[in-house]
Amino acid sequence: MQSTIFTAVLLPLALAVVMLGMGLSLVAEDFQRITRYPKAVAVGTVCQLVVLPLIGILVALLVPMQPAIAVGLVVLALCPGGPSSNLLTYLARGDVALSVTLTAVSSIVTVLTIPLFTNLALQHFLGTQAAISLPIGSTMLQIFLITLLPTAIGMVIRRRFPHTARRLEQQMSRLSTGLLALIIALLLAREGAKLPGFLTQVGIAVLMLNLLAMLAGFFAGRLFRLPPAQRICLAIEVGLQNGTLAIAITAGLLNSPEMAVPAAVYSLLMYATGSGAIIYGRQSAAHADR
């Protein structure tokens, strides 16, 4: 497959399908929940938009890696949440309503934050070598078109045709999973010669990012005395990133397959750590019920 088709068609299409599927699961009430438990939403949003990127930068500075890989790791940390976090929160007996709310809020805010902080990461890690950058205005527009617009379309379909939305939601989930698997396979195949070195660097860094972010979300919930179900939710929402969006930005907008490797590896790894969160959440819920 040619690079232009991959970056111009497949990546945006996959992300749009993912976000359309998320929109099919959202209703206006999901945004109104902000006024019901503002403390939990505030803690989760700050962790996602401030603490998580700081953890990403810290890991990129501590773990030896190529500059392009470091940028990709930071971009991954700038893409919090995603539809998968809602499902894992449900399976872990966490607060699903809070999870959906945080995902919706972060999807809106990151349209502004991703272009700004990605450019800072490019300048810091690549410095004078950086021949690429993200034009702020056009990048915000592109992220809007492939994230917020499909989400809004999905919400309109859910509001007007609820039965159709429920059927489409399952189909969109399967399609987005297949597209993501294809994208990861193509990325890893294109970087095949460099892959062993990348995996050595990225595997450690991605695992550190994932685990530290999950711990930060969980203990932030404990620090602010949130209920156990909301702590589980924060651990998953902060700890699991939107790998599809990170791949779309690095391989698509920045046209750098190297930068996309952290997100590709992460998209495979997160289900292992997510399974650990599910086991912990179910055990905690079982103890609480006794």
Spacing of Leu254 atom CG and Asn119 atom CG [to the nearest 0.5 Å]: 8.0 Å
Can you measure from CG (Leu122) to CZ (Phe117) and round to the nearest 0.5 angstrom? 13.5 Å
Heavy atoms of Ala40 and Leu234 approach each other most closely as O-CD2, 4.3 Å
Mind checking what makes ring-ring contact (aromatic ring centres under 6.0 Å, His included) contact with Phe218, not counting sequence neighbours? Tyr280
Side chains of Leu98 and Val41: closer than 4.5 Å at any heavy-atom pair? yes
Got a second to check how far Gln283's CD is from Arg93's CZ, nearest 0.5 Å? 11.5 Å
Taking the hydrophobic residues Ile, Leu, Val, Met, Phe, Trp and Tyr, and joining any pair whose side-chain heavy atoms are under 4.5 Å apart, which ones share a cluster with Leu58? Leu62
Provide the full list of side chain to side chain donor-acceptor pair (under 3.5 Å) pairs with a residue in residues 213-231, sequence neighbours left out, each pair given once. Asp95-Gln230
Verify side chain to side chain contact (heavy atoms under 4.5 Å, CB included) between Val238 and Cys47, making sure each step is shown before the conclusion. CA-CA 7 Å; Val238 179; Cys47 285; 3.6 Å; yes
Reported OG-to-CD1 distance for the pair Ser284 and Ile279, which is rounded to 0.5 angstrom: 11.5 Å
Can you tell me how far CG of Leu88 sits from OG of Ser99, rounded to the nearest 0.5 angstrom? 8.5 Å
Can you pull out every side chain to side chain donor-acceptor pair (under 3.5 Å) where at least one residue sits in residues 67-78? Sequence neighbours excluded, please. none
Only counting residues at least two apart or in another chain, list the ones meeting side-chain contact (heavy atoms from CB on, under 4.5 Å) with Ser275. none
Keeping to residues at least two apart or across chains, list the side chain to side chain donor-acceptor pair (under 3.5 Å) pairs with something in residues 13-22. none
Derivation of the side chain to side chain contact (heavy atoms under 4.5 Å, CB included) call for Leu52 and Gln241: CA-CA 10 Å; Leu52 177 56; Gln241 279 68 66; 3.2 Å; yes
Arg159 CZ: over 12 foreign heavy atoms closer than 6.0 Å: no
Going by side chain to side chain donor-acceptor pair (under 3.5 Å), name the pairs with one or both residues in residues 44-64, residues two or more places apart or in two chains. Gln48-Glu237
Work out which heavy atom in Val50 is nearest to a heavy atom in Pro53; give both atom names and the distance. O-CD, 3.3 Å
Could you tell me if the side chain of Leu120 sits less than 4.5 Å from the side chain of His124, heavy atoms only? no
Heavy-atom pair of closest approach, residues Leu91 and Arg282: O-NE, 2.9 Å
Kindly indicate, with the supporting measurements, whether the criterion side chain to side chain contact (heavy atoms under 4.5 Å, CB included) is fulfilled by Val202 and Val63. CA-CA 9 Å; Val202 173; Val63 179; over 6 Å; no
Considering residues at least two apart in sequence or located in another chain, which fulfil the side-chain contact (heavy atoms from CB on, under 4.5 Å) criterion with Ser107? Met19, Met22, Thr103, Leu148
Considering residues at least two apart in sequence or located in another chain, which fulfil the ring-ring contact (aromatic ring centres under 6.0 Å, His included) criterion with Phe219? none
Could you check Val75, Ile114, Leu78 and say which one makes a side-chain contact (heavy atoms from CB on, under 4.5 Å) with Leu245? Ile114
Please report the closest heavy-atom contact between Ile247 and Ala263, naming both atoms and the distance. CG1-CB, 3.5 Å
Quick one: closest heavy-atom pair of Ala68 and Leu126, and the distance? N-CD2, 4.0 Å
Hydrophobic clustering (ILVMFWY, side-chain heavy atoms < 4.5 Å, transitive) - are Phe224 and Val105 grouped together? yes
Step-by-step side chain to side chain contact (heavy atoms under 4.5 Å, CB included) determination, Cys79 to Ile249: CA-CA 10 Å; Cys79 301; Ile249 291 169; 4.1 Å; yes
Set of side-chain contact (heavy atoms from CB on, under 4.5 Å) partners for Ala60, sequence neighbours left out: Ala70, Leu73, Val74, Phe125
With distance as the sole test, does Tyr266 use its side chain to make a donor-acceptor pair with the main-chain N or O of Leu76 at under 3.5 Å? no
Checking Ala92 now: which residues fulfil side-chain contact (heavy atoms from CB on, under 4.5 Å) with it, not counting sequence neighbours? Ile232, Ile236, Ile278
Contact summary for Ala260 and Ala251, nearest pair of heavy atoms: CB-CB, 3.8 Å
Identify every side-chain donor-acceptor pair in residues 204-214 under 3.5 Å, counting partners at least two apart or on other chains, and give the distances.
| unit_1 | atom_1 | unit_2 | atom_2 | d |
| --- | --- | --- | --- | --- |
| Asn210 | OD1 | Thr273 | OG1 | 2.4 |
| Asn210 | ND2 | Gly239 | O | 2.7 |

